[in-house]
Amino acid sequence: MRRSQLFAETLRQAPADADAPGYQFLLRGGFVQPLAAGIFTYLPLGMRVKEKVERIMREEMNAIGGQEVVMPVVHPAELWQETGRWYSIGPELARFTARGDRQMVLAMTHEEVIADLLRRQVQSYRQLPIMLYQIQTKFRDEPRARGGMIRAREFTMKDAYSADAGEEGLDRSYRDQYEAYFRIFRRAGIEPVVVGADVGIMGGSGADEFMAILPIGEDQILLCEACGYAANRQIATFRKPQPGAEQQASLEEVATPDAATIAELAAFLGIPESETAKATFFMAGDRFIFAVVRGDMEVNETKLANAVGAADLRPARPEELAGTGIVAGYASPIGVHGVTVVVDDLVAASPNLVAGANREGYHLRNTNYGRDYTADIVTDIASAYAGAPCPRCGEPMRMERAVEVGNIFKLGTRFTEPLGVTFLDEEGREKPIIMGSYGIGVDRLIGVVAEVHHDEKGLIWPESIAPFQVYLVGLDLDDEAVLAAADTLYTQLQARRVEVLYDDRHERAGVKFNDADLLGIPLRITVSRRTVAQAAAEVKRRSETATRLVPLEEVDEMLAAHAEAPVTVGNI
RNA sequence: CGGGGUGUGGCGCAGUUUGGUAGCGCGCCUGCUUUGGGAGCAGGAGGUCCCCGGUUCAAAUCCGGGCACCCCGACCA
């Protein structure tokens with residue numbers, strides 16, 4: 001491809017609304033063009049990257065027995081009503097009315113459709129196992145798209161679904177996907193960490209997330225370097241400190257004016273925050289949830305939601321406290337009524353904590369679980385934190401921000417049961433199919449690679465997904481000998497099936513070199529009056545600063561030899 | 001959905017406080033010169049100043065109401 005023909009206008013300055021550096025380069029280089037918040041057009045350069053990422057995914061999915069399908073983006077509402085997600089998922093599920101008042105949804109995921117497909121096609125255990133995948137558009141009306149390609153509303157996902165006759169089969173499919181995922185991410189140039197995850201709206205029995213550690217990540221993960229424990233903060237546990245062993249003392253009200261926060265309270269009384277109890281209030285639908293953790297810890301909303309069996313939790317509004325006996329800022333479970341009380345197990349085990357008196361300006365010393373109050377649920381609802389002791393080995397854990405680039409779920413019968421997706425086993429018994437679901441965000445992966453692989457000048461694509469393998473810079477092209485040499489090399493490289501972008505524009509050297517750096521193509525080859533005088537071309541790797549001269553007749557041979565590299569797609 | 005910010009030519013911005021009919025840099029077009037790290041000179045094209053309404057002799061600027069986009073939080077396979 002000649003640069004003069006390529007539809008890619010590079011920008012010297014990044015649009016002001018792009019903050020992440022990798023995303024800025026994707027915009028400046030002409031890889032993608034935003035249409036609206038979280039909705040993008042892929043331009044030719046971006047399309048080439050996307051195509052290569054998808055090719056890797058296809059290869060790895062095919063390698064574990066996956067078969068490709070494409071399912072619709074528009075689904076009838078009835079299917080989503082059958083699984084209940086029509087009702088349980090909020091406005092992020094985009095709904096619209098088609099002709100004749102038919103309710104439709106835009107696919108945010110495809111479990112319903114795949115389950116329906118299996119329901120229609122599978123009758124016998126002899127047809128199982130099945131592994132299907134697609135690379136297809138999804139739409140999620142996210143409350144807030146951000147981070148460029150990392151969190152889009154319309155995006156492309158590689159989603160795979162396994163159908164097995166039993167748990168052992170699911171374990172095997174899950175393991176195959178797990179390993180394929182590592183191969184996909186490594187080939188695309190990132191090294192993810194796998195963390196245990198919450199099953200969220202997917203339901204099912206287990207889930208792992210593939211996380212790319214990045215400061216712009218929206219997720220937080222806890223990692224133990226000593227034993228390898230890794231978990232999303234949403235579900236991460238930690239070894240709780242030993243509660244104090246002192247005797248229970250008698251309850252005592254103490255005036256604590258203007259001490260409505262734990263920090264103020266601890267400072268006022270001259271005690272550590274760990275000797276206090278913190279109360280927070282949530283609504284799970286119509287249920288009022290009163291949650292208590294030790295003062296130095298935070299409530300983990302995911303754990304709390306799971307503890308009370310709620311799909312959704314939101315902070316309670318002040319007016320919702322009316323009639324419960326709760327006084328915000330001075331709250332404790334003592335004297336409250338009509339609410340579901342959930343107490344963290346550490347609080348329940350800790351003697352003589354300072355807690356609110358449910359009276360403006362007063363707290364209680366020496367509150368004790370069991371003696372002074374009880375709870376509907378006592379369990380772990382505290383959030384793990386940086387430095388928290390590992391639940392397995394007790395060593396302090398690291399907390400990192402990360403982007404979820406892939407996830408795998410053991411769905412079990414979450415979708416096949418309500419939809420009646422069954423098969424007959426060897427004994428002629430009807431059983432629900434056991435499913436797994438496995439997703440990778442294609443655009444998000446590209447966005448993550450861009451964030452990981454760049455320098456101050458631009459992108460540095462891994463060879464495996466670079467839009468071109470070679471950026472051929474022609475300088476002094478008004479010199480006929482140089483033009484002929486550059487054109488010849490271009491033709492030779494194309495004949496070798498090397499993907500080459502030939503900068504034949506009438507631009508100055510600086511412009512071309514800077515564009516080459518911005519676009520991040522792995523190899524730059526320069527032909528100029530200077531190099532032609534030595535019958536050579538200058539070769540430079542984007543990832544390195546060194547250049548070297550290679551005789552013109554050897555350049556295409558050199559690249560052909562290079563084609564052996566295992567991770568490479570294409571002919572270089 | 002709460003808090004904050006921003007909407008002015010393709011991109012980056014000034015102008016808004018104190019109303020007077022739109023400007024700078026980059027990019028783009030033409031010509032000449034230049035030519036290994038974002039050239040110089042000369043000439044030129046390009047803008048419903050986010051939208052609607054109001055105030056005013058006069059609105060990018062003041063007032064009201066929308067919308068869009070960005071950041072933080074909430075939310076999130």
Side-chain angles (χ1 to χ4, degrees), chain A residues 9-20 23-24 27-28 30 33-39 85 89-93 107-111 138 140-148 150-153 155 157-161 197-204 206-210 216-219 232 234 282 301-302 305 311-315 317 403-411 414-415 436-441 444 457-458 473-479 482 503 505-518 524 526-533 538 540 545 547:
Chain A
E9 304 311 314
T10 53
L11 296 173
R12 296 199 181 186
Q13 284 172 297
D17 52 12
D19 53 331
Y23 177 47
Q24 289 184 354
L27 293 175
R28 283 186 51 203
Q33 173 73 55
L35 175 66
I39 302 180
R85 293 209 290 186
I89 297 179
E92 61 270 26
L93 176 61
M108 60 187 291
T109 171
H110 281 83
E111 280 79 17
K138 306 270 193 273
R140 292 183 193 174
D141 201 354
E142 299 285 356
R144 183 183 159 203
R146 67 179 123 187
I150 305 283
R151 186 167 196 76
R153 287 193 296 166
F155 55 98
M157 173 165 282
K158 188 290 304 165
D159 45 328
Y161 304 89
D198 183 53
V199 293
I201 67 165
M202 304 300 307
D208 287 296
E209 293 173 335
F210 289 73
I216 62 163
E218 302 179 85
D219 282 290
N232 193 306
Q234 291 182 321
F282 296 90
E301 287 190 37
T302 304
D312 207 20
L313 221 52
R314 64 166 174 80
R317 288 188 284 268
V403 175
E404 179 189 344
V405 287
N407 53 43
I408 52 179
F409 286 90
K410 289 186 179 179
L411 296 178
R414 164 66 183 85
F415 294 92
S437 120
Y438 316 92
I440 299 179
R444 179 177 285 192
K457 303 283 283 185
V473 178
L475 302 179
D476 312 315
L477 294 181
D478 49 347
D479 181 323
V482 178
D503 197 338
R505 298 173 301 172
H506 291 289
E507 290 287 354
R508 297 167 65 83
V511 172
K512 296 189 181 189
F513 289 147
N514 278 298
D515 256 16
D517 289 342
L518 176 60
R524 187 184 84 191
T526 306
V527 174
S528 68
R529 192 173 282 135
R530 189 190 293 177
T531 68
V532 168
E538 178 194 87
K540 177 185 173 296
T545 55
T547 62

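Quick note on labels: first sequence line is chain A, next is B, and so on, each numbered from 1. Note that these values count all heavy atoms, side chains included, but never hydrogens, waters or copies made by symmetry.
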Asp515(A) has an atom CG; how far is it from atom C1' of rC26(B), in whole Å? 14 Å
Could you check how far CD1 of Ile39(A) sits from C1' of rC70(B), rounded to whole Å? 16 Å
Quick test: give all pairs of protein nitrogen or oxygen and nucleotides 40-49 of chain B nitrogen or oxygen below 3.5 Å, distance rounded to 0.1 Å.
none

Separation of rC1(B) atom P from Phe282(A) atom CZ, nearest Å, is 21 Å
When you measure only distances, ignoring hydrogens and angles, does the side chain of Arg144(A) come within 3.5 Å of the base of rG3(B) through a donor and an acceptor? no
Paired to rC32(B) by Watson-Crick or G-U wobble criteria (both distances under 3.5 Å) is rG40(B)
Salt bridge check, Glu111(A) against Arg85(A): does any charged N sit closer than 4.0 Å to a carboxylate O? yes
Quickly work out the Glu218(A) CD to rA74(B) C1' distance and round it to whole Å. 12 Å
Taking the nucleotide of RNA chain B with the nearest heavy atom to each, does Gly38(A) or Leu11(A) sit closer to the 5' end? Leu11(A)
Arg444(A) to Phe155(A), cation-pi by 6.0 Å centre distance and 45° axis angle: no
Between Ile440(A) and Phe210(A), does a side chain to side chain contact (heavy atoms under 4.5 Å, CB included) hold up when you go through it step by step? CA-CA 9 Å; Ile440(A) 299 179; Phe210(A) 289 73; over 6 Å; no
For Thr526(A) and Ala14(A), take the nucleotide of RNA chain B holding the closest heavy atom to each; which residue's nucleotide lies nearer the 5' end? Ala14(A)
What is the distance, rounded to the nearest whole Å, between atom CG of Leu475(A) and atom P of rU35(B)? 13 Å
Report which part of the nucleic acid Glu301(A) touches: base, sugar-phosphate, or nothing (heavy-atom distance under 4.0 Å, all strands). sugar-phosphate
Given atom CE of Met157(A) and atom C1' of rC76(B), what is their separation to the nearest angstrom? 12 Å
Among rC13(B), rG36(B), rC26(B), the nucleotide that comes nearest once only the side chain of Ala16(A) is considered: rC13(B)
With salt bridge (charged side-chain N to carboxylate O under 4.0 Å, His left out) as the test, pick out the partner of Arg151(A) among Glu142(A), Glu92(A), Glu404(A). Glu142(A)
